[in-house]
Number of protein chains: 2
Amino acid sequence: MARARLQDVADRAGVSLATASRVLNGSARQPGPELVSRVRAAAAELGYVVNAQAQALARSRTGLLGLVVQDISDPYFSSIAAGAQAAAREHGRMVLLASTDRDPSAEHDAVAAFAAHRVDAVVVVGTRWSAEEDAPVAAELAAFEASGGRAVVVGQPLGPAVVVRPPNAEGAADLATALLAEGHRRFVLLSAASRVRTAQERAGSFAEAVTAGGGEVVEVVEREFSRDGGYAAGDRVAELARAAVADGLDAPCVFAVSDVMAIGLIARLRDIGVGVPRDVRVAGFDDIPTLHDHVPAVSTVHIPLEEMGRLAVAAAVSEDGADVGASVGHEVVLRESTAR
Amino acid sequence: MARARLQDVADRAGVSLATASRVLNGSARQPGPELVSRVRAAAAELGYVVNAQAQALARSRTGLLGLVVQDISDPYFSSIAAGAQAAAREHGRMVLLASTDRDPSAEHDAVAAFAAHRVDAVVVVGTRWSAEEDAPVAAELAAFEASGGRAVVVGQPLGPAVVVRPPNAEGAADLATALLAEGHRRFVLLSAASRVRTAQERAGSFAEAVTAGGGEVVEVVEREFSRDGGYAAGDRVAELARAAVADGLDAPCVFAVSDVMAIGLIARLRDIGVGVPRDVRVAGFDDIPTLHDHVPAVSTVHIPLEEMGRLAVAAAVSEDGADVGASVGHEVVLRESTAR
DNA sequence: TCGAGGACGGAATGCGCTTTCCGGTCTCAC
DNA sequence: GTGAGACCGGAAAGCGCATTCCGTCCTCGA
């Protein structure tokens with residue numbers, strides 16, 4: 001039992017294919033009321049469902065939106081995806097999803113697959129990598145735009161894509177300032193490899209503001225940009241805390257460049273009996289939903305993740321493009337984990 | 001600058017459209033090596049990208065998989081989605097995503113939209129609702145299957161869909177048994193409205209096992225099936241705890257039918273100074289990733305969420321269908337939150 | 001009353017690709 | 001040497017729909 005085609009509807013209604021099409025699929029030109037109702041009735045009786053593939057081929061627009069994230073199970077990305085999905089629905093677009101497992105080359109594959117499916121636009125979410133690693137996907141996006149698609153990136157610039165920029169530098173600087181104001185002076189940076197641009201932006205800006213404000217970055221620890229990376233940093237951070245005690249210094253304040261790293265770090269510290277904020281102070285970045293119920297409550301920079309997803313989709317579906325307010329706010333949130 | 005078409009490739013290679021198609025798009029019949037290389041070269045020079053829409057129309061298979069979840073930003077769903085996405089990638093399928101915001105009627109819309117896009121299969125993830133609320137989407141799925149698609153549901157049966165069933169009853173019963181073995185006797189159920197089938201399955205099975213094991217369910221609290229629902233239950237649970245103290249009874253053990261509810265509950269209890277597990281014991285269900293770093297560590301039933309996503313996709317893409325091992329394991333995990 | 005212009009339905013073309021035929025060549029067994 | 005059969009490339013017929021173009025009829029103004 002195959003799906004009814006538009007031709008079947010037209011036959012049943014005793015009209016031409018063209019008329020049926022005009023009635024059912026939002027044409028500017030509407031046939032007379034009598035025919036309209038006949039066609040609608042026939043469609044209902046046959047349970048007609050338009051074939052979006054055929055429609056896309058004929059119209060050369062698919063109404064599809066490609067969304068590339070680095071890990072859909074990570075709350076950072078799933079929050080952005082939720083916003084993007086909701087916005088897409090409001091704009092009558094469907095979302096094609098790809099999750100790359102943080103592999104830059106998988107990003108390229110995903111964009112290529114989206115291009116094959118002739119998505120109207122593609123949104124790439126997540127940190128950029130080194131120029132070399134970004135090159136293939138940048139080229140792919142350039143080709144995609146050249147053939148009429150629109151590219152949007154949430155993160156750092158990539159090829160010709162419109163950028164929705166998380167306030168990494170501003171947020172990190174404000175966080176540093178706030179922590180300095182609280183009296184912290186000795187900081188540890190928990191960052192990621194230099195190819196992870198988001199980590200670099202946050203760590204760099206934080207360090208700069210710390211120095212400018214009279215504080216000191218006593219060490220930079222680089223680990224994987226993930227919860228487990230934070231966890232892996234725990235032992236080194238504990239050493240630093242012990243050294244501080246031995247030298248009669250204030251407990252160090254760790255700035256983890258993402259909340260998930262901060263959470264991992266705190267987990268390890270707890271495992272080995274290092275108290276937060278007693279022995280070490282910890283701050284993160286993003287204010288992921290998970291954080292709301294974390295103990296201790298973690299100081300961080302709030303970023304409107306869902307809104308960023310919405311903004312990206314708005315830019316992706318807008319006719320002219322660049323006119324979306326592609327900048328978002330942020331807010332430093334000091335909580336228990338950095339209490340002195 | 002429009003995309004090159006297959007015809008352009010064929011012209012450039014000096015072969016027919018048919019030959020170019022056979023070379024580039026995985027036909028069983030491969031032309032001679034000379035032509036193959038000519039076609040490949042031409043395609044590379046032109047930057048040819050197949051038009052998946054046209055391919056789908058001609059083949060009447062899209063290679064698309066529709067995934068319906070109730071909230072992509074909820075770790076339960078995003079974990080399942082991650083597994084589904086990974087499996088889809090391995091099977092060479094693309095994922096169309098819809099997030100319904102827990103609205104049954106939005107599920108219907110999503111499935112209808114997927115049907116319009118002629119997805120090869122659709123996977124619906126999440127609790128079923130009342131029969132009345134499920135009816136529209138069930139009918140939609142029936143029509144979808146009748147026209148050659150495959151439907152899979154992760155949760156409870158729905159229309160003709162293949163079911164990947166979370167071990168709700170078994171897990172809840174085992175959890176009850178384990179808690180009884182730990183010496184707990186007085187239980188409170190934190191559940192959701194009866195239309196939420198997952199909550200009912202878990203709560204019902206738990207209560208049964210408790211009674212059978214000589215324990216007692218002293219109260220059933222029904223709230224929204226979410227973190228905020230758990231939070232909202234905090235005050236009532238606190239009252240029950242105080243009453244227990246007043247009566248000289250053991251602190252009650254709350255079984256929250258999902259981890260997110262448990263987390264919300266614990267958050268509220270903390271806010272009002274009720275200790276877990278000191279004054280109230282709390283257990284959840286699912287073992288969402290978030291839980292790993294929660295304080296106190298929460299007792300729960302581990303469910304292989306990613307694997308369920310993978311299984312669902314496996315069922316969706318398999319030729320014959322029902323032969324996937326559509327049942328998954330579970331494991332009771334007792335942690336600090338239920339310590340006596 | 002007559003002609004111009006507009007509204008309206010339908011035939012036909014094409015979107016880009018797959019796949020079935022079809023005719024021609026080549027190979028091999030007898 | 002010859003016929004059967006395998007193999008191979010290409011022509012052409014769709015897949016389901018949007019849309020242009022065309023012919024007809026109706027309306028309205030002069």
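Here is how names work: the chains are called A, B, and so on, in the same order as the sequence lines, proteins then strands, and each is numbered from 1. Hydrogens, waters and symmetry mates are skipped; everything else that's a heavy atom, side chains included, is used.
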S.K.: Round to the nearest Å and state the distance from B:Leu24 atom CG to C:dT19 atom C1'.
M.R.: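 So the CG-C1' distance, B:Leu24 to C:dT19, works out to 16 Å.
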S.K.: If you compare every side-chain N and O of A:Ser21 against the phosphate oxygens of D:dC17 (OP1, OP2), does one of them come in below 4.0 Å?
M.R.: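 Result: no.
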S.K.: Determine whether a donor-acceptor pair (one donor, one acceptor, N or O, separation below 3.5 Å) exists between the side chain of A:Arg22 and the base of C:dG10.
M.R.: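 Checked by distance alone, the answer is yes.
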S.K.: Below 4.0 angstrom from OP1 or OP2 of D:dG9, is there any side-chain N or O of B:Thr19?
M.R.: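 The answer is no; no side-chain N or O of B:Thr19 sits under 4.0 Å from OP1 or OP2.
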S.K.: Contact class for A:Ser60 vs. all strands (heavy atom < 4.0 Å): base, sugar-phosphate, or nothing?
M.R.: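 The residue A:Ser60 makes no contact with any strand.
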S.K.: Could you report the tightest heavy-atom contact between B:Tyr48 and B:Leu6, atom names first, then the distance?
M.R.: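 Minimum heavy-atom separation between B:Tyr48 and B:Leu6: CE1-N, 3.4 Å.
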S.K.: Would you say A:Asn25 places a side-chain N or O within less than 4.0 Å of OP1 or OP2 belonging to D:dA18?
M.R.: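 Checking D:dA18 against A:Asn25, a side-chain N or O does come within under 4.0 Å of OP1 or OP2.
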S.K.: Give the C-alpha distance, both sets of side-chain angles, the deciding distance and a yes or no for side-chain hydrogen bond (donor to acceptor under 3.5 Å, both in side chains) between B:Gln156 and B:Thr198.
M.R.: CA-CA 8 Å; B:Gln156 293 81 26; B:Thr198 292; 3.1 Å; yes
S.K.: Under a 3.5 Å threshold, yes or no: a donor from one side chain and an acceptor from the other, between B:Asp11 and B:Gln7?
M.R.: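 A pair is found: one side chain offers a donor N or O, the other an acceptor, under 3.5 Å apart.
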S.K.: Is it the case that the side chains of A:Thr62 and A:Arg118 hold a donor-acceptor pair, with the cut-off being a distance below 3.5 Å and no angle test?
M.R.: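 Side-chain D/A pair, A:Arg118 to A:Thr62: absent.
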S.K.: Check the pair A:Arg128 / A:Glu107 against salt bridge (Lys or Arg N to Asp or Glu O under 4.0 Å), numbers first and verdict last.
M.R.: CA-CA 11 Å; A:Arg128 292 296 88 223; A:Glu107 288 183 329; 2.9 Å; yes
S.K.: Please report how far the helix from C:dT1-D:dA30 to C:dC30-D:dG1 bends, comparing the axis fitted to its first five pairs with the axis fitted to its last five, to the nearest 10 degrees.
M.R.: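 For the helix from C:dT1-D:dA30 to C:dC30-D:dG1, the axes at opposite ends meet at about 40°.
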S.K.: Let me know the distance between CD of B:Glu34 and P of D:dC8, rounded to the nearest Å.
M.R.: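 After rounding, the gap between these two atoms is 14 Å.
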S.K.: Any side-chain heavy-atom pair from B:Arg93 and B:Asp120 closer than 4.5 angstrom?
M.R.: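 Yes - at least one pair of side-chain heavy atoms lies under 4.5 Å apart.
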S.K.: Between C:dC17, D:dT19, D:dC17, which nucleotide has the shortest distance from any of its atoms to the side chain of B:Leu6?
M.R.: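 The answer is C:dC17, which lies nearest to the side chain.
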